[in-house]
Enquirer: 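My questions all concern the structure below.
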Amino acid sequence: MTDGQTDLLDDLLWRGLIAHSTDLGALREALDAGPVTFYVGFDPTAPSLHHGHLVQVLTARRLQRAGHRPIALVGGSTGLIGDPKPNAERVLNPPEVVAGWVEGIRAQIEPFLGFEGENAAVMVNNLDWTAPMSAIDFLRDVGQHFRVNKMITKDAVAARLHSEQGISYTEFSYQLLQGLDFLELHRRYGCTLQFGGSDQWGNLTAGLDLIHRAEGASVHAFATPLLTKADGTKFGKTEGGALWLDPGLTSPYAFYQFWVNTDDRDVVTFLKVLSSRSREEIESLAAAVETRPAAREAQRALADELTELLHGAQERDRVVAASQALFGRGSLAELDAATLAASLAELPRVTVALGGTAPTVVELLAETGLSPSRSAARRAVAEGGAYLNNERVTDEQATVGEQDLLAGRWMVLRRGKRQLAAVEAVGG
RNA sequence: GGCAGGUUGCCCGAGUGGCCAAUGGGAGCGGACUGUAAAUCCGUCGGCUUAGCCUUCGAAGGUUCGAAUCCUUCACCUGCCA
């Protein structure tokens, strides 16, 4: 236990991590009174967690570091139902698929929390208490405490009720399940605080109400803000799709690059929410954004920290070095072979034999995935957005050969300003 | 169960027999300007062995020289009635 629990709440507020909450005064008292057992849940709706979950995982980490006891819940049951999204019904995933995702997500959360010591984290799966429950028990013991009148006023549900598509009973019931989770964790572990994304606020309060009715106890909840971008586009999109935490889905290099490319207007907000740096450090970085924006110090700090946290210091060093080499001022031909090889190792790569028919640049763009199809690759060349070893390629028929090799075996292919891939020549 | 309306490219949304690979907007992508940023402007935005060809407008079948557009059946969605 560190001292100054008041500081924790003030810190969360300063960082903008509390978008909604129950009585903050009461929460402050509880946090001051000693270690609080809290929970945050993650539904397995994909094989990996993504950028959006980072806020939750890191907030749990903050609370634990301040001496509180985390319960990380993976939604083996809620993942089978799906919480209502405002615009569309979810596709139900097969149970065995969801079960596989539960394991993957559990493993992704573990490195962020400590499972030893006085306030060791606990990992739970809500399927453990939901699966054994009969439909009758569920309706009598849980359903009895919920008023439909109130259920239909929750934002996501209300939006769907007014949509053409409507809402299935399955998704409508979701809030009961999440409410039950909080109740169950309250009974089993004395859990008195739940937090989640602001889109979860309705589900968070469902749990509060249920505990109040079933146990007569008052517990706490807060919602973290949804991260948005100043330009209005969706946060968390990379060239390859979502920003996944799984290195197999989003490489450490791509993960690092995502944060380096953060908009100036957003970077301080993101630092507050995601970084464990102190208020002083963040304010100094904010000043740097004002005075020397081109240096991108804040972006680099954010990218460095998150990449190290997720992928380790070694990997962080590798992607930082690769980024410097590939985006540096010097020409690629001047890089020494070792640096070049190490940098290119971070990029998507294809191998090619130069012996027979010379491959065209268009073919290589498509093969490396820089362009989704040959048509798109031709377009890239036509638009002047294709580069071989940093030289623009203007001929759609252009081929590559021995003369293009760097350090005897590499070629660097680029589409646009920052999409890179390595081509390795073999055999011959 | 009955009746009515709907299902178009990543999203929204035009198109009601040939001029449709399909108007427009958004997102995306590329270029210029920059700082691997934003804003702005310009271009692009199904695929391929690209002056051409192939596959798309919920699914299958049919009418026609010719269909996203007409007909039949099916599936799904929405509303009203029962």
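As the structure is a prediction and not an experimental result, all values here were calculated from the model. Chain A is the first sequence line, chain B the second, and so forth, proteins listed ahead of strands; every chain is numbered from 1. Basis for what follows: all heavy atoms, side chains included, without hydrogens, waters or symmetry-related copies.
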Enquirer: Counting Watson-Crick and G-U wobble pairs only, both distances under 3.5 Å, name the nucleotide matched with B:C45, or none.
Expert: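 When the pairing criteria are applied, nothing turns out to pair with B:C45, so the answer is none.
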
Enquirer: Considering every strand shown, what is the Watson-Crick or G-U wobble mate of B:C76 when both distances are under 3.5 Å?
Expert: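 Result: B:G6.
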
Enquirer: State the CZ-CD distance between A:Arg300 and A:Gln324, to the nearest 0.5 angstrom.
Expert: 7.5 Å

Enquirer: Using a distance-only test with no angle check, is there a side-chain donor-acceptor pair under 3.5 angstrom linking A:Asp43 and A:Tyr174?
Expert: yes

Enquirer: For A:Phe327 and B:G35, give me the distance from atom CZ to atom C1', rounded to whole Å.
Expert: 12 Å

Enquirer: Under 4.0 Å between a side-chain nitrogen and a carboxylate oxygen: does that hold for A:Asp209 and A:Lys150?
Expert: yes

Enquirer: Nearest to the side chain of A:Arg392, heavy atoms from C-beta on, is which of B:G35, B:A32, B:U36?
Expert: B:A32

Enquirer: Can you tell me how far P in B:C54 sits from the matching atom in B:G35, rounded to whole Å?
Expert: 49 Å

Enquirer: Can a side chain N or O of A:Tyr387 be found less than 4.0 Å away from OP1 or OP2 on B:G31?
Expert: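 Yes, within the criterion.
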
Enquirer: Measuring to OP1 and OP2 of B:G43, would you say a side-chain N or O of A:Arg379 lies under 4.0 angstrom away?
Expert: no

Enquirer: Nearest to the side chain of A:Pro293 - B:G47, B:G31, B:G35?
Expert: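 Nearest nucleotide to the side chain: B:G35.
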
Enquirer: Identify whether any heavy atom of A:Ser375 sits under 4.0 Å from a base atom; if not, whether one sits that close to sugar-phosphate; answer base, sugar-phosphate or nothing.
Expert: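 It contacts base atoms.
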
Enquirer: Please state the P separation for the pair B:G26 and B:C41 - nearest whole angstrom.
Expert: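 These two P atoms come out 11 Å apart once rounded.
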
Enquirer: Using the C1' atom on both, measure B:A14 against B:G66 and round to a whole Å.
Expert: 23 Å

Enquirer: Look through every strand shown and name the nucleotide pairing with B:U64 as Watson-Crick or G-U wobble, where both distances are under 3.5 Å.
Expert: none

Enquirer: Who is the Watson-Crick or G-U wobble partner of B:G1, with both distances under 3.5 Å?
Expert: B:C81

Enquirer: Paired with B:U56: which nucleotide, if any, by Watson-Crick or G-U wobble criteria at under 3.5 Å for both distances?
Expert: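 B:U56 is unpaired by these criteria.
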
Enquirer: Looking at OG1 of A:Thr59 and CZ of A:Arg61, how far apart are the two atoms once the value is rounded to the nearest 0.5 Å?
Expert: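 The CZ atom of A:Arg61 is 11.5 Å from OG1 of A:Thr59, to the nearest 0.5 Å.
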
Enquirer: Between A:Gln257 and A:Arg378, name the one whose nearest nucleotide on RNA chain B is closer to the 5' end.
Expert: A:Gln257

Enquirer: Base, sugar-phosphate, or nothing for A:Asp263, non-hydrogen atoms under 4.0 angstrom?
Expert: sugar-phosphate

Enquirer: Working to the nearest 0.5 angstrom, can you tell me the gap between A:Arg62 CZ and A:Leu274 CG?
Expert: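 If I round to the nearest 0.5 Å, the distance is 7.5 Å.
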
Enquirer: So which one's nearest nucleotide on RNA chain B is more toward 5', A:Gly416 or A:Gln324?
Expert: A:Gly416

Enquirer: What nucleic acid atoms does A:Ser323 come within less than 4.0 Å of, heavy atoms only: base, sugar-phosphate, or nothing?
Expert: base

Enquirer: Pick the C1' atom in B:A68 and in B:U16, then give their distance to the nearest Å.
Expert: 9 Å

Enquirer: Look through every strand shown and name the nucleotide pairing with B:A51 as Watson-Crick or G-U wobble, where both distances are under 3.5 Å.
Expert: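 Here B:A51 is not engaged in any pair, so there is no nucleotide opposite it.
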
Enquirer: When the ring planes of A:Phe222 and A:Phe195 are compared, do they come out parallel, tilted or perpendicular, using 30° and 60° as the limits?
Expert: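 Plane angle under 30°, so parallel.
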
Enquirer: Counting heavy atoms from C-beta on, name the nucleotide in B:A38, B:U50, B:G35 closest to the side chain of A:Arg265.
Expert: B:A38

Enquirer: Whole angstroms only, please: what is the CD-P distance between A:Glu297 and B:U36?
Expert: 15 Å

Enquirer: Could you check how far CZ of A:Arg418 sits from C1' of B:G35, rounded to whole Å?
Expert: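 So the CZ-C1' distance, A:Arg418 to B:G35, works out to 11 Å.
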
Enquirer: Please state how far atom CG in A:Asp266 lies from atom C1' in B:A37, giving the value in whole angstrom units.
Expert: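 Nearest whole value for this atom pair: 10 Å.
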
Enquirer: May I have the distance from A:Glu346 (atom CD) to B:U36 (atom C1'), rounded to whole angstrom?
Expert: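 Atom-to-atom, A:Glu346 to B:U36, this comes out as 17 Å.
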
Enquirer: For B:G24, give its Watson-Crick or G-U wobble partner with both distances under 3.5 Å, or none.
Expert: B:C12

Enquirer: For A:Arg414, which contact category applies under a 4.0 Å heavy-atom criterion: base, sugar-phosphate, or nothing?
Expert: nothing

Enquirer: Write down the distance between CZ (A:Arg415) and P (B:G43), rounded to a whole number of angstrom.
Expert: 20 Å

Enquirer: Could you tell me how far apart A:Phe255 (CZ) and B:U36 (C1') are, to the nearest whole angstrom?
Expert: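 Atom CZ in A:Phe255 sits about 17 Å away from atom C1' in B:U36.
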
Enquirer: Do the rings of A:Tyr169 and A:Phe172 sit parallel, tilted or perpendicular, given the 30° and 60° boundaries?
Expert: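 Answer is tilted, since the angle falls between 30° and 60°.
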
Enquirer: Taking the six-membered ring of A:Tyr387, is NZ or CZ of A:Arg414 closer than 6.0 Å to its centre and within 45° of its axis?
Expert: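 Verdict for A:Tyr387: a cation-pi partner in A:Arg414.
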
Enquirer: Under a 3.5 Å cut-off for both distances, is B:A37 Watson-Crick or wobble paired, and to whom?
Expert: none

Enquirer: What integer number of Å spans the P atoms of B:G25 and B:G46?
Expert: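 Pairwise P distance, B:G25 against B:G46, rounds to 15 Å.
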
Enquirer: Please measure how far the C1' atom in B:G61 lies from the corresponding atom in B:C12, and state the result in whole Å.
Expert: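 Comparing C1' positions in B:G61 and B:C12 gives a spacing of 32 Å.
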
Enquirer: Would you say B:C48 has OP1 or OP2 under 4.0 Å from some side-chain N or O of A:Ser373?
Expert: yes

Enquirer: Please measure how far the P atom in B:C45 lies from the corresponding atom in B:C29, and state the result in whole Å.
Expert: 16 Å

Enquirer: Can you measure A:Asp395 atom CG to B:U50 atom P for me and round it to whole angstrom units?
Expert: 13 Å

Enquirer: Give the nucleotide from the list B:G35, B:A37, B:C48 with an atom nearest to the side chain of A:Lys417.
Expert: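 From the listed options, B:A37 comes nearest.
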
Enquirer: Go through the N and O atoms of the side chain of A:Arg296 and the base of B:U36, and report whether any donor-acceptor pair is under 3.5 Å.
Expert: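 Flag unset: no donor-acceptor pair detected.
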
Enquirer: Using the P atom in both, what is the distance from B:U49 to B:G43, to the nearest Å?
Expert: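 The answer is 28 Å between these two P atoms.
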
Enquirer: When you measure only distances, ignoring hydrogens and angles, does the side chain of A:Glu383 come within 3.5 Å of the base of B:G31 through a donor and an acceptor?
Expert: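 No.
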
